[in-house]
Amino acid sequence: MEKSVRSRRREDNESFYNPILPIHKWKDELVRAAKDNSFLIVMGDTGSGKTTQLPQYLYKAGFGKNGMIGVTQPRRVATISVAQRVAEEMNCSLGSTVGYQVRFDDCTSERTVIKYMTDGCLLRNTLADPDLTKYSTIVLDEAHERSLSTDILFGLLKKQFQLGSRKRRKYPLTVIVMSATLETQKLSLFFGNCPVVTIPGKLFPIKERFLNLIGPRDKDSTAYVTETVKVTLQTHLNETEGDILVFLTGQAEIERACNLLFKKAEAIDYRHDLYDRSVEGLLILPLYGSMPTDQQKRIFLAPPAGIRKCVLSTNIAATSVTIEGIRYVVDSGFVKQLNYNPRAGLDILEIVPISKSEAVQRAGRAGRTAPGKCFRIYSEEFWEKCMPDHMIPDIKRTSLASVILTLKCLEIHDVIRFPYLDHPEEKHILEALKKLYQCGAIDRTGCVTKLGHFIMEFPLSPNLACAVIKATSFGCQELLLPVAAMLSVEHVFIQSGESQKQKEAGQGHEELSQLAGGCNDFATLLYIFEQCKTSPKPAAWCHKNGIHWRALKSALNVEKQLKEIANRLKENKDFPVEKFDGPRNEMLRHCLCAGYFSNVARRSVGRTFRTMDGHGSIIHIHPSSALFGKESQLEWILFHNVLVTSKIFVRTVCPIRYEWVKDLLPKLHDIDAYELSNVAREEVTAEEILKWESKEETKHRNDGTEEALNKIKKRNDDKSISDAKARYLQRKQQKSEMLKMEPS
DNA sequence: GAGCACTGC
């Protein structure tokens with residue numbers, strides 16, 4: 001990724017030496033608008049210079065006098081490189097007037113006025129300083145990406161403003177939202193009809209063509225890979241000079257496409273390995289996130305004279321990595337997306353059509369240095385019928401437990417009526433509340449418990465934090481902290497595409513799990529971590545054992561941070577201290593039970609298990625687990641996560657004893673999530689219920705399936721204010737009855 | 001006997 005920073009810098013330097021950045025013309029208007037309004041939206045295309053220039057304008061206009069100008073970015077590398085760039089432009093050293101803060105790296109000082117940071121960092125800082133008294137201005141950049149943290153910050157900033165944080169602050173706060181393609185109307189409305197300043201970018205014209213190879217009927221087929229390859233080859237044969245960027249969905253698809261492309265050209269150059277095949281003047285390069293860094297770097301090198309570079313990439317090339325010299329984009333129209341299904345309580349990784357605005361962004365990659373062309377393999381009908389206007393934001397697609405706990409810690413109890421720019425499904429919020437209640441982070445009244453505040457201190461999922469806290473109170477944190485770190489970094493096992501290498505890697509992993517005891521995937525992670533930490537040459541050890549050194553490095557970093565937090569919390573008088581009475585080899589699994597008892601399953605028929613969380617889903621142990629094939633010897637298991645593909649698989653598994661979870665399991669069923677939410681919405685009105693329901697309805701309508709349409713029809717039949725009221729009263733009745741039944 | 005996009009604290 002280092003290279004991507006350098007490449008970005010190169011592009012920025014170009015703008016540096018060219019003083020006619022599009023944004024310069026708008027300087028006065030921007031400063032005036034920022035002075036006159038609490039909220040301002042700046043819409044600027046790629047290359048307009050907004051990220052580096054606007055904070056400097058504000059600084060020169062005196063915005064930094066009453067507090068810092070905080071600028072958020074969704075990614076670490078971008079945060080650091082932009083801060084470096086601005087420090088250079090302002091002729092100061094990084095960390096003085098211009099600084100940055102990302103996790104593990106705070107490069108700011110008392111003198112810092114312009115502070116770049118990741119959105120997650122600002123959100124965390126908000127916990128300590130809810131009124132953001134250190135800042136005079138907050139700039140939320142790349143808002144169109146709709147990251148979870150940015151979305152929450154939208155709501156917080158709006159809410160703080162409504163609550164009159166202005167009175168508690170010495171000086172009013174100015175909020176500026178910057179975006180490339182976000183629905184600015186919607187955002188302006190959200191922030192009280194605030195003004196929008198639009199800055200044109202400096203993209204070259206791009207010709208876009210629909211090739212009609214994929215239509216609405218092919219929505220679920222895998223034909224897009226072969227069709228994309230065809231188009232790529234045609235582009236190579238028919239078009240003039242210029243590199244090609246191909247958007248595909250994942251590692252497997254990309255490797256398949258590379259091979260196909262290669263076979264079609266019918267010439268194999270055996271002098272090169274898989275990642276460096278050059279045929280008929282075409283240099284084929286794959287690019288995906290889990291690829292080793294040194295291989296990723298190769299995509300930035302200029303191809304030899306007379307050779308055309310063709311990069312087959314995942315969505316990583318749409319946001320995180322900028323490749324120079326691309327003139328042709330081939331868009332498959334699909335993306336792999338992790339979607340949370342609250343009904344099943346599962347994360348499902350699926351291949352879905354991209355949105356129209358993402359397609360526009362992809363096309364934009366062709367026009368950064370010269371006029372370009374974008375070939376869309378799908379038809380216009382597909383565009384109209386299958387592709388939504390905008391991407392569904394993270395907040396509607398991922399588990400909300402951590403987010404809800406953050407809000408509760410900020411004393412925002414009514415998490416259902418929090419001003420979300422896009423309101424998550426109520427069911428989704430309820431699921432999160434239930435999860436928080438189950439792990440003890442909130443009590444029956446929906447308030448954050450002491451444990452909940454401890455959980456919040458850790459940059460981990462509530463489940464994992466809970467297990468870590470248990471271990472700390474038992475005095476065996478050295479067992480859990482490494483496991484937590486390994487589980488919260490990217491996948492540590494290398495997945496090679498080539499079958500031979502893959503086999504070898506698989507065998508290596510099997511050996512590792514044998515060395516770690518043979519029947520506990522968590523223990524395998526602990527073993528790898530310890531081996532790596534004590535090895536004199538950790539990078540070499542990782543390479544030999546098929547482990548991502550990059551992932552291990554960040555795991556070592558995370559573990560250090562977790563240890564600091566755990567040690568600090570232990571000083572707190574309220575931190576629990578418990579004694580563990582049991583054999584030491586059971587400690588790890590026992591602690592895991594404290595956080596993961598909702599992820600417990602019992603042996604069912606054949607090699608399957610049934611979950612105990614109320615969904616009762618049938619699950620299978622994933623073949624990558626050390627427990628795979630040993631199902632018949634198991635009764636109760638605990639798992640870290642679920643992956644739905646051809647079956648419902650659980651990964652990272654260990655066996656447990658029923659006694660360990662016996663007292664915990666009832667907690668999974670002793671509360672109705674509505675009860676937790678009702679506390680937050682005592683004065684809920686029937687009108688509001690109708691509003692929520694109509695939101696759900698819009699969603700169904702967007703689904704467009706017959707079943708969904710029937711649902712709407714059915715709902716419309718009995719839709720009236722009085723009915724909504726009746727439904728609400730019924731729920732309230734159920735709730736009070738339930739409370740009555742509760743033993744005191 | 002399967003096949004895991006991308007971020008962030």
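FYI, side chains are in, hydrogens and waters are out, and symmetry mates aren't considered; it's all heavy atoms of this structure. Residue numbers start from 1 in every chain, and the chains themselves are labelled A, B, ... in the order their sequence lines are given, proteins ahead of strands.
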> Look at A:E457 together with A:R124 and state whether they make a salt bridge at an N to O cut-off of under 4.0 Å.
no

> What is the nucleic acid contact for A:F458, judged by heavy atoms within less than 4.0 Å: base, sugar-phosphate only, or nothing?
nothing

> Anything under 30° is parallel, anything over 60° is perpendicular, the rest tilted; go ahead and classify A:F522 against A:Y596.
tilted

> Answer yes when A:D521 and A:R651 have at least one side-chain N-carboxylate O distance shorter than 4.0 Å, and no when they do not.
no

> With a 4.0 Å cut-off, would you call A:R397 and A:D394 a salt bridge?
yes

> Could you please name the option among B:dA2, B:dG8, B:dC6 that lies closest to any side-chain atom of A:F649?
B:dA2

> Which part of the nucleic acid does A:R256 contact within heavy-atom distance under 4.0 Å: base, sugar-phosphate only, or nothing?
nothing

> Are any of A:R124's side-chain N or O atoms less than 4.0 Å away from OP1 or OP2 of B:dG8?
no

> Looking only at the side chain of A:R651 (C-beta and beyond, no hydrogens), which of the listed nucleotides B:dA5, B:dC4, B:dA2 gets closest?
B:dC4

> Does OP1 or OP2 of B:dC9 have a side-chain N or O of A:S149 closer than 4.0 Å?
no

> Counting just side-chain N and O atoms, does A:T319 come under 4.0 Å of either OP1 or OP2 of B:dC6?
no

> Determine the contact category for A:S147: base if any of its heavy atoms lies under 4.0 Å from a base atom, sugar-phosphate if only primed atoms, P, OP1 or OP2 are that close, otherwise nothing.
nothing

> For A:K336 and B:dC4, is the shortest distance between a side-chain N/O and OP1 or OP2 below 4.0 Å?
yes

> Across the strands shown, which category fits A:R103 at heavy-atom distances under 4.0 angstrom: base, sugar-phosphate, nothing?
base

